[in-house]
Amino acid sequence: MAAEPQRLDRPQAGSITSQFGRGAAAPDYLKGLNEEQRDAVLTTEGPLLVLAGAGTGKTRVLTTRIAHILNSKKAWPSEILSVTFTNKAAREMKERIGALVGAGVEGMPWLGTFHSIGARLLRRHAELVGLRSDFTILDTDDQIRLIKQLLEAANIDEKRWPARQFAGMMDNWKNRGQLPTDVSMADRSAFANGRIPELYQQYQDRLKTLNATDFGDLLLLCIKLFRENPDVLAEYHRRFKYILVDEYQDSNVAQYLWLRLLAQGKPAPEANLCVVGDDDQSIYGWRGAEVDNILRFEKDFPGAKVIRLERNYRSTSNILKAASHLIANNESRLGKTLQTDVGEPGELVMVTSVWDSDEEARQVGEEIEQFQRQGDALNSMAILVRASHQMRAFEERFITLGLNYRVIGGPRFYERKEVRDALAYLRLVSNPNDDLAFERIVNTPKRGLGDSTLQILYDAARRQGTSLTTAVRTLVETEELKPKQRTTLRQLMDQFDDWAQRAQAVPPEDAVETEELAPGIVRRHTSHADLARQVLDESGYTEMWQNDKSAEAEGRLENLKELVNSMEEFDSLSGFLEHVSLVMDRDTGEADDAVSIMTLHSAKGLEFETVFLPGWEEGLFPSQRTLDESGRAGLEEERRLAYVGLTRARKRLRVSVAQNRLTHGLWQSAIPSRFLDELPAAAVEVKDTGSAYGGYGYGGRSGGGRFDTRDPFDSLYETPGWQRARAQASSRKSAGPVTIDGDLVARSVDDGRGSKYDVGERVFHLKFGYGRIEQIEGNKLTIEFEKAGRKKVLESFVQKP
DNA sequence: GCATAATTCGTTTTT
DNA sequence: CGAATTATGC
C-alpha cells in the first residue's frame with residue numbers, strides 16, 4: 001500500500017502547481033516517499049542511475065521527479081525528454097504526472113516511446129535523411145513482402161534464405177546501429193553467400209523510394225540525422241534540459257547511441273540524464289537489449305550518482321527470499337537485495353510436482369476455484385508461462401470448468417489480418433503511392449487479379465519508375481491487360497479516386513459536422529470513421545467476411561467495427577494511421593473478473609496476489625534453445641525471467657513441474673528445472689501430488705530442501721530432444737550452420753519395416769509402464785499404455801518386457 | 001486463378 | 001500434435 005502511487009481520480013486543479021518555488025514546506029508530492037525515493041526525485045542535476053528492484057516504486061519515482069522538475073520551474077514541459085519502451089508505460093506516466101501536476105500534461109510533447117519520439121523527430125527533419133515528412137512506417141508484413149521481392153530480383157533462392165530470417169538479421173543490425181557498410185564480416189557470410197551489404201543497401205534504397213521506414217530506421221535515421229547535422233542536434237541540446245529513461249536495462253545499442261547523442265549537450269558529468277532500471281529484470285537480450293548499457297552507466301557518465309531502491313512494497317518476505325536467493329546465482333549484476341518492511345513472512349512458496357501438463361492445469365484450476373471460494377477475485381490471479389504453447393492446456397481446462405480467463409499478449413489487434421487489410425485500404429486512400437498497401441488489397445476480396453496480372457503491373461511500374469497505382473492508370477489505357485482485368489482495375493481506380501475525394505472533403509478538425517450549402521440544404525460531412533465504413537463496404541471487403549461462414553468470420557467483422565469506431569477519436573486520417581503503426585496496442589479488457597494467462601515476458605511490470613508458475617522443467621525453463629544459443633549469458637537471462645516471474649506475486653506463489661511433457665508431438669520425460677534447486681529451502685514447501693506412476697524425480701523426496709534428484713538417472717532419461725540439441729549445439733560451435741537433423745526423431749513413415757517391434761506387441765516403457773503398440777511410424781511408436789493412456793514415444797525408449 | 005492436399009517446423013515480443 | 005506455409009490438381 002505504502003509506496004504504490006495512490007490513484008488520484010482527477011487532477012486537483014492548481015493545488016500543487018500553485019505552490020511553486022518559494023518552497024518552504026516540502027511539497028505534497030514528496031510525502032510518502034522513502035528516503036532513497038526522495039533522493040532520486042530531488043537529485044535533478046547531473047547523471048543519475050536509479051537501480052530500482054522489482055516493486056520498489058520505480059514508476060512513482062520517475063513521475064514524481066518530472067512533477068518536481070515542472071513544479072520547481074526548472075524546465076517547461078516541452079523541455080523534458082522522457083522515454084519509455086512501451087506505449088503502455090508512456091500512457092501510464094502521462095496519467096500519473098497529470099494526477100500530480102494537474103492539467104496540461106498534454107504539453108509534454110516529448111514523453112513517449114523511443115520509436116514514437118524518433119518518428120516525431122524524423123518527420124520534422126525528414127528532408128535531411130531523404131524522406132518526405134509524410135513517410136509511412138512499415139509493419140512486419142510489408143517488410144517481409146518487400147524483402148521477398150528483393151530476394152527474387154537478386155536471384156536468391158527463398159527456400160534456402162528465407163525472407164523472415166533476413167528481416168530478423170536486419171533487425172539485429174539496426175538494433176546495433178549498423179548501416180549496410182557497418183555489418184561485420186562474420187555476419188556477412190551468414191546469409192546468401194556474403195551478399196548481405198548489397199541486399200541491405202537495396203532494401204534501404206527501396207524504402208527511400210517508397211518514402212517509408214521500418215521500425216529500426218526510426219532510431220537509426222535519427223542517429224544519422226544527428227551525426228550529419230550538428231546544428232540540428234544542437235537545437236535539441238538546447239531544448240532538452242532534462243532527459244529521463246525508463247527500463248534502461250532494455251535499451252539496445254541504437255537506443256544507447258541515440259540517447260548519448262542527445263545527452264551530450266553538456267559534458268558528461270553535467271548531463272541531466274536520469275536512467276531508471278533493474279539489471280535483474282533484463283529479459284530482452286534476445287531482441288538486442290544490452291544489459292551492459294546499465295552496467296556501464298557509471299563509466300559512460302563519470303561522476304554519475306547511483307541510487308538503489310531496495311525497499312519492496314509488493315511481496316511477502318518469503319516470496320522475496322525466494323526471488324533474491326535465485327537471482328543471487330547470477331554473476332553479471334550490480335547487486336541489490338530487496339527488503340520488505342512487512343513483518344509477516346507470509347505463506348511459503350509452494351512447489352508441486354505433477355504427472356503431466358493436463359494434471360498441472362487441473363490442479364491450478366482447482367486451486368483457483370478454491371481461492372475464489374475464499375473470496376479472492378479472479379483478477380488477482382495470474383498464470384505465467386515460459387512459452388505460449390503452455391497456455392493451451394490451461395485454456396482447455398478452464399473452458400471445461402467454466403472458469404473465466406483472459407489471455408494477454410496474444411496476436412495483437414492491429415496484427416490481425418482483417419485489421420491490416422482494412423488499414424491497407426485506408427493507407428491507399430490517404431496515399432495512392434503506397435505500393436505495399438496496394439499489393440495487399442488488389443485482390444482482397446477476390447477480384448480475379450492474380451499473380452500473372454500483378455506481374456504485368458510490376459513490370460510496368462518498374463519500367464516507368466513509378467508507383468503501382470500510377471502504372472495501373474496508364475496500363476488500363478492500353479491493350480496489355482486482358483479486357484476483364486482491365487475493367488476491374490479501372491473500376492478499382494475509380495473507386496479510390498472517389499474515396500480520396502471524400503477524404504479531402506472531411507473537415508480537418510472535428511469542427512463542423514454539418515454545413516449549410518444553401519438555405520434548407522444541409523450536407524453532412526463524412527467523418528473519417530464514416531469514410532472508412534464506406535470504403536470497406538463499397539470495396540466489398542465487409543461483404544467478403546459476411547459471406548465467409550467460418551467460425552472466426554464474425555469476430556473479424558467485430559474487429560472491423562472496433563477499428564472503425566476507434567477512428568472517431570482522431571482528427572485526421574493520417575493521424576490515425578500514425579497511431580496505428582506506432583502506438584496502437586491491445587486494450588486490456590479488464591472489465592470482467594478473469595484469471596490472466598500470459599507469458600513471463602509480458603508479465604513484466606505487473607503484479608498479482610496469487611501467481612502460478614507452471615512448467616519449471618529443464619529444456620522448457622530454462623529454455624534449451626537459449627542455453628544452446630547463448631550459453632551462460634542465456635542461462636542468466638532465463639534466471640532473470642524466473643526472477644521476474646517470482647516477483648510478480650504479492651502474497652501467494654505456486655510453482656509446478658510436470659514429469660512428462662508433450663514436445664514436438666512426442667511425450668518426453670522432463671527433468672525438474674535447475675531453478676528449483678536455487679530456491680531457498682526455508683521459504684519453500686514441496687507438495688507431491690502422489691501420482692500413481694513414475695515416482696522418479698522431483699516429488700520423490702519431499703521436504704528435504706535439496707531438490708536435485710536427477711543425477712543418478714541422467715543417462716537413463718536422456719531424451720531425444722536433449723540429444724539432438726546437444727548434437728546441434730556442438731556442431732554449431734565448430735562448423736557454422738549445419739543442419740544435423742532427423743536420425744533421432746522423425747524418420748518419415750515406413751510402415752514399421754525396419755522396426756524391431758510389431759503392431760500389437762506388448763512393450764515396457766520406463767515411465768509409462770506396460771502398453772500395446774498400436775502404430776509404427778519410422779522410429780515413432782504409438783502405444784496404448786495400460787495406465788498412462790495413449791502416447792507417442794520413440795522406439796528407443798521402450799523395451800521388450 | 002483458386003481450392004485443397006502435403007509439408008514444414010516449431011521460444012520469448014515491442015515498436 | 002497443430003499452425004502455417006507451400007505444392008498440386010482442377
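All values reported here derive from a predicted model rather than from experimental measurement. Note on naming: letters A, B, ... go to the chains in the order of the sequence lines (proteins, then strands), and numbering restarts at 1 for each one.
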Considering just the side-chain nitrogens and oxygens of [X], establish if one lies under 4.0 Å of OP1 or OP2 belonging to [N].
X: Thr663(A); N: dG10(B); answer: no
X: Asn87(A); N: dT14(B); answer: no
X: Ser602(A); N: dT12(B); answer: no

What is the nucleic acid contact for [X], judged by heavy atoms within less than 4.0 Å: base, sugar-phosphate only, or nothing?
X: Glu638(A); answer: base
X: Arg447(A); answer: nothing
X: Ser388(A); answer: sugar-phosphate
X: Asn443(A); answer: sugar-phosphate
X: Thr113(A); answer: sugar-phosphate
X: Asp451(A); answer: sugar-phosphate

For Glu290(A), give me all partners under side-chain hydrogen bond (donor to acceptor under 3.5 Å, both in side chains), at least two apart in sequence or on another chain.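 With sequence neighbours excluded, Glu290(A) shows a side-chain hydrogen bond (donor to acceptor under 3.5 Å, both in side chains) to no residue whatsoever.
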
Could you check how far [atom1] of [X] sits from [atom2] of [N], rounded to whole Å?
X: Lys174(A); N: dT14(B); atom1: NZ; atom2: C1'; result: 16 Å
X: Met544(A); N: dA3(B); atom1: CE; atom2: P; result: 11 Å
X: Asp171(A); N: dT12(B); atom1: CG; atom2: P; result: 16 Å
X: Leu582(A); N: dT14(B); atom1: CG; atom2: P; result: 14 Å
X: Leu635(A); N: dT12(B); atom1: CG; atom2: C1'; result: 16 Å
X: Asn252(A); N: dT14(B); atom1: CG; atom2: C1'; result: 11 Å
X: Gln249(A); N: dT14(B); atom1: CD; atom2: C1'; result: 14 Å
X: His389(A); N: dT13(B); atom1: NE2; atom2: P; result: 12 Å

Of Leu627(A) and Lys446(A), whose nearest nucleotide on DNA chain B comes first from the 5' end?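 That would be Lys446(A).
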
I'd like to check, for Phe85(A), whether its ring lies over the base of dT15(B) with centroids under 5.5 Å apart and a plane angle smaller than 30°.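 By the stated criterion, Phe85(A) and dT15(B) do not stack.
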
For the salt bridge (charged side-chain N to carboxylate O under 4.0 Å, His left out) test, which of Arg287(A), Arg640(A), Lys604(A) pairs with Asp250(A)?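 Of the listed residues Arg287(A), Arg640(A), Lys604(A), the salt bridge (charged side-chain N to carboxylate O under 4.0 Å, His left out) partner of Asp250(A) is Lys604(A).
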
dT13(B) and dA4(C), which share atom name P, separated by this distance in whole Å: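 Here dA4(C) and dT13(B) have their P atoms 15 Å from each other.
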
Cation-aromatic face contact Arg123(A)/Phe135(A), 6.0 Å, 45 degrees: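 Checked: cation-pi criterion met.
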
